[in-house]
Amino acid sequence: MYPLTPTQESVVAKARELARTVLAAHAAEVDEQGRFPAESMEALAENGFHGLLVPESLGGLGGDLVLLAAVIDELAQACASTAMVYMMHNSAVNCYLADPAKFETVLRDCAAGRHLGTLAFSETGSRSQFWAPVSQAVAADGGVRLSASKSWVTSAGIADGIVASCLAPDGSGASVYLVAKDDPGLSISGGWSSLGMRGNQSNPMKLEDVPLDDATRLIGESGKGADIMLGKALPVFLVCQGAIGIGLSEACVEATHSHLVGQGFQHTGTKLADLPNLRASLAKMRLETDKARAYLVAVLQKLGSGDPEAMRHALALKDSSSETAVAVADLAMRCCGGAAFSKHLGLERPFRDARAAIVMAPTTDHLREFTGRLLVGLPLFG
Ligand SMILES: Cc1cc2nc3c(=O)[nH]c(=O)nc-3n(C[C@H](O)[C@H](O)[C@H](O)COP(=O)(O)OP(=O)(O)OC[C@H]3O[C@@H](n4cnc5c(N)ncnc54)[C@H](O)[C@@H]3O)c2cc1C
């Protein structure tokens, strides 16, 4: 379905293999214990996946958004927490790629599997409206000192690099900095315990007077951080969220299919698959998943060709794919009855995981508002 080159096909085949072995082997335990998917992320790092977007000249795979989407789709089918951690990493990598010369060492470390990145955009003060940071950096010798209260940071305490937003010292706009895990003044609170995506450790992070040198840490220009947040991180985030929704939906279709054809009624000698209402539900799940994947491929094509409507479609992609995953997982739960309600079918995990994307910023509410504004010719932010 994804328009991949033969080389990219082999990368996706490797992702599928890792998903079906390493990720699948640990997903239930990661969810149960609410722990970071360390084994899965290590396997991805060892196989070069941390450098998927990094150019070959810096040791990476030189991949694009199409390859990334196809890989994330595979990972999310086995462990959505791993797919989300990996999504945040790639969103960060695309920010580093805004200035490959400045961040060459970091990019080489990504390619070598030595660097995991993440985003710290959401703040306690502006909640889901991440494009409006309230923390303001203070000018210091050759850079800034940053104090901020970040409300949710995936891979908090584990990620080596945190792409953090704030207001520029002169208040002219946002700035974006690379904060390192061991920078003085950084602390993590919480103890991630959530409904779904229980492996991703999206904990609150406090930055207190963290010294950041502009020459090595400022990403993009001071006061023009929106270019990085919306121009670099957001497209990758939206595409990956689209792919996660599809992977989750696919997992539900597969589990429902094998339950319907595998189980039945002893007293009538019929299978669950002999019931037309259940077959119709399965058909609906298949159709919605296929439609979501087809839309993702169409959006990738628009992004790749520089279509002026590409960003509107990328926003709509996260909306539609996330809502599809919630609807498909709900159908799967109804279709597979009490067997789904218990944990052994593995359906209640995607049912819980799928709900994360609709409240992750930009939330479905924001996406509808943005799309509506674009459709009637209003600026995105009013
Ligand atoms: C699993 C998970 C992982 C995350 N990881 C990260 C991460 O790595 N980095 C990061 O920066 N953030 C992360 N987030 C945070 C996320 O992006 C959102 O900021 C967060 O979920 C918002 O929650 P809130 O309670 O602050 O929402 P609120 O802002 O309180 O929103 C509550 C409701 O109000 C609605 N709402 C808010 N504003 C408007 C508006 N203007 N118009 C209409 N409706 C509105 C929202 O849609 C939502 O339904 C993560 C969140 C989750 C759930």
Side-chain angles (χ1 to χ4, degrees), residues 30-31 34 36-37 41 76 79-95 116-135 148-166 174 176-179 181 186 188 190-207 225 228-230 232-234 236-238 240-241 244-245 248 315 318-319 322-323 325-326 349-350 352-373 378-382:
V30 161
D31 176 64
F36 190 72
M41 290 311 295
C79 177
S81 287
T82 302
M84 182 184 280
V85 167
Y86 187 60
M87 165 182 86
M88 289 300 183
H89 168 73
N90 282 288
S91 302
V93 168
N94 212 41
C95 295
L116 180 71
T118 191
L119 302 179
F121 288 172
S122 304
E123 299 200 338
T124 318
S126 48
R127 307 186 69 90
S128 58
Q129 299 174 23
F130 72 86
W131 46 89
V134 295
S135 65
S149 171
K150 297 292 179 181
S151 45
W152 310 66
V153 182
T154 294
S155 312
I158 298 143
D160 306 282
I162 301 120
V163 175
S165 55
C166 58
V176 176
Y177 283 90
L178 168 57
V179 177
K181 180 171 72 171
L186 183 154
I188 315 286
W192 179 245
S193 179
S194 56
L195 174 74
M197 297 292 184
R198 288 178 47 76
N200 67 12
Q201 302 304 314
S202 303
N203 283 308
M205 180 179 281
K206 243 194 172 36
L207 305 174
I228 302 299
M229 294 163 79
L230 305 181
K232 294 290 174 185
L234 190 61
V236 174
F237 178 84
L238 295 172
C240 291
Q241 283 281 19
I244 289 177
L248 282 164
L315 294 166
K318 176 181 179 283
D319 174 349
S322 310
E323 297 293 336
V326 169
R349 177 160 46 85
R352 289 182 283 106
D353 286 344
R355 302 206 65 86
I358 58 177
V359 296
M360 285 181 74
T363 65
T364 295
D365 288 331
H366 293 134
L367 292 167
R368 301 247 163 110
E369 168 65 353
F370 291 155
T371 305
R373 292 182 73 87
L378 289 172
L380 207 54
F381 299 102

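Whatever order the structure lists ligands and atoms in, that order sets their numbers, starting from 1. This structure is a prediction, so every number in the text was calculated from the model and none was measured. FYI, side chains are in, hydrogens and waters are out, and symmetry mates aren't considered; it's all heavy atoms of this structure.
- Taking only nitrogen or oxygen atoms, main chain and side chain alike, N200 does not reach within less than 3.5 Å of ligand 1.
- Contact check for E123 versus F130: no side-chain heavy atoms found under the 4.5 Å cut-off.
- Using a 4.5 Å heavy-atom threshold, the side chains of Y177 and I162 count as separate.
- Residue M84 has no N or O atom closer than 3.5 Å to an N or O atom of ligand 1.
- With a 4.5 Å cut-off on side-chain heavy atoms, L186 and V179 count as touching.
- Around atom 31 (O) of ligand 1, the closest heavy atom drawn from S128, S202, A80 belongs to S128.
- Counting only heavy atoms from C-beta outward, the side chains of D31 and R352 approach each other to under 4.5 Å.
- For atom 8 (O) of ligand 1, the nearest non-hydrogen atom of the protein is T154 N, 2.9 Å.
- Looking at M360, H366, E369, M87 and measuring to atom 37 (C) of ligand 1, the nearest heavy atom belongs to H366.
- Under the rule for a ring-ring contact (aromatic ring centres under 6.0 Å, His included), the partners of F370 that lie at least two apart in sequence or sit in another chain are W131, F381.
- In this structure, atom 33 (C) of ligand 1 has its sub-4.0 angstrom surroundings free of protein heavy atoms.
- Distances between N or O atoms of A356 and those of ligand 1 include no value under 3.5 Å.
- The pair D353-R198 does not meet the salt-bridge criterion, since no charged nitrogen lies less than 4.0 angstrom from a carboxylate oxygen.
- A donor-acceptor contact under 3.5 angstrom links the side chains of S165 and K150, judged on distance only.
- Residue nearest to atom 38 (N) of ligand 1, selected from Q129, R127, R368: Q129 (by heavy-atom distance).
- Contacts between T363 and ligand 1, counted as non-hydrogen atom pairs separated by less than 4.0 Å, involve the side chain only.
- Atom 48 (C) of ligand 1 has as its closest protein heavy atom D365 OD2, 3.9 Å.
- Using a 4.5 Å heavy-atom threshold, the side chains of H89 and V93 count as touching.
- Of the heavy atoms in A361, both backbone and side-chain atoms come closer than 4.0 Å to ligand 1.
- Residue-level proximity to ligand 1 for T364 is absent, since no heavy atom of it falls below 4.0 angstrom.
- Looking only at heavy atoms of the protein, atom 10 (C) of ligand 1 is closest to W152 O, 3.1 Å.
- Under the 4.5 Å side-chain criterion, counting only non-hydrogen atoms from C-beta, W192 is in contact with S202.
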